[in-house]
Amino acid sequence: MSKHRGQPSRASERTSEWRYLLGTPLETFTAFCAEHDLPAYRARQVYEWVFRKGAEGFEAMTNLAKPLRTLLAEHWTIYASTIAQRQESTDGTIKLLLQWADGATSECVLIPDEKRRTACISSQVGCPVGCTFCASGIGGLQRQLAPSEIVEQAMRVRQLCDDAHPLSNVVLMGLGEPLANYGSVLAAVRIVNAEAGLNIGARKITISTVGLPSQIRRLAREGLQVNLAISLHAPNDALRKQLIPWAKNVSIEDLVAAGRDFFDTTGREVTLEYILLAGVNDQLDHAHQLTKICRRMRCNVNLIRYNPVADLGYQRPESFAAHTFAEELRSRGVNVHVRKSRGLDIDAACGQLRRKSADVSTKGVSIPRIAR
Ligand code: SF4
């Protein structure tokens, strides 16, 4: 089992009570304040400083007495990462490589699109899924990300936004399989969604999964109105197993059943993500097969043209091929969008920046999973 950067494992770096504020619900922090004879409004003040005013340290909290700021700094940390790299695309996409105290790195991306500002964040260090077209699977899973580390990525991306265009959406489409780090992801999503936290509406939060049916059903019953995106990438099991080896025990039939359950329970339509790989999954016959899947569940389809990088094992289809594929679906009643590729002039596909930084050996290529 992978190591979790949970609080106990990092505790020895400071004190046994070292905690990470960005991953802590207000209620828990309020309880800490009560233990130290501090009124509840103090907790709210601290959260306002952190989540509303963007304070990075306790020293900035000028309406708190100096001894209180010292007490908080002894017990809590706010930001735990350093920004190891920053890349900016001509289309405005900005990618950050965050480094944690143990040397692990995480990628997060700001995707500007008209008024919308989306943070694409990671759920794990590395990825256990091993899609054959993706750099993130190379090297496998290193460790889980803690709730604070997941929230911190969204906060780091939020720092890149301005008042005229605040952060509006958060998508867990970066490195890792979110539903394989279920507890941390849900804890982080609740803080991203909380009024005292980032205050991003649940309908503006998307969890993207390769498809773990039992966890999809569990997610549906969390009482959250988050969006679910399933990375399908192939319209039949044989091809899907080639592209997503980790999915060999999960049939498309199982995913359809879980997707239907998600819709029946939440009323939220599922998004099917489909990376178009030239000559692999972008033929008309594939479109016909995909249509049959779409007829069996309430869903819409995001088509994303594959982002080419060095050492290609797969090719990016031409634009007209993507639109022909989309038209074929549309003509059969499927709600389909062809997503823009973003950050083509930087390493904006997931895993590329981290791979280059860590010098992870190359056996495949990366894809853009930043789709909404
Ligand atoms: S495409 Fe997603 S699920 Fe597949 S290896 Fe890459 S990060 Fe993991």
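Counting starts at 1 for both ligands and their atoms, in listed order.
Of the residues Tyr47, Tyr20, Phe29, the one that meets the ring-ring contact (aromatic ring centres under 6.0 Å, His included) test with Trp76 is Phe29.
Using modelled atom types and a 3.5 Å distance limit, the side chains of Asn227 and Arg203 yield no donor-acceptor pair. Checked by atom type, the side-chain pair Ser208/Glu273 shows a donor-acceptor distance below 3.5 Å.
Remark: distances from the non-hydrogen atoms of Pro128 to ligand 1 are all 4.0 Å or more.
Per-residue contacts place Val129 under 4.0 angstrom from the following atoms of ligand 1 (heavy atoms of the residue considered): 3 (S), 8 (Fe). The distance from ligand 1 to the heavy atoms of Gly176 drops below 4.0 Å at these ligand atoms: 7 (S). Counting atoms of ligand 1 from 1 in the listed order, those under 4.0 Å from a heavy atom of Gly130 are 5 (S).
Judged by distance alone, with hydrogens and angles left aside, the side-chain atoms of Asn281 form no donor-acceptor pair with the main-chain N or O of Leu239 at under 3.5 Å.
Heavy atoms from both the backbone and the side chain of Cys131 come within less than 4.0 Å of ligand 1.
For atom 8 (Fe) of ligand 1, the set of nearby N, O or S atoms under 2.8 Å includes one belonging to Cys127.
Aromatic rings from Phe133 and His233 are positioned such that their centres are separated by under 6.0 Å.
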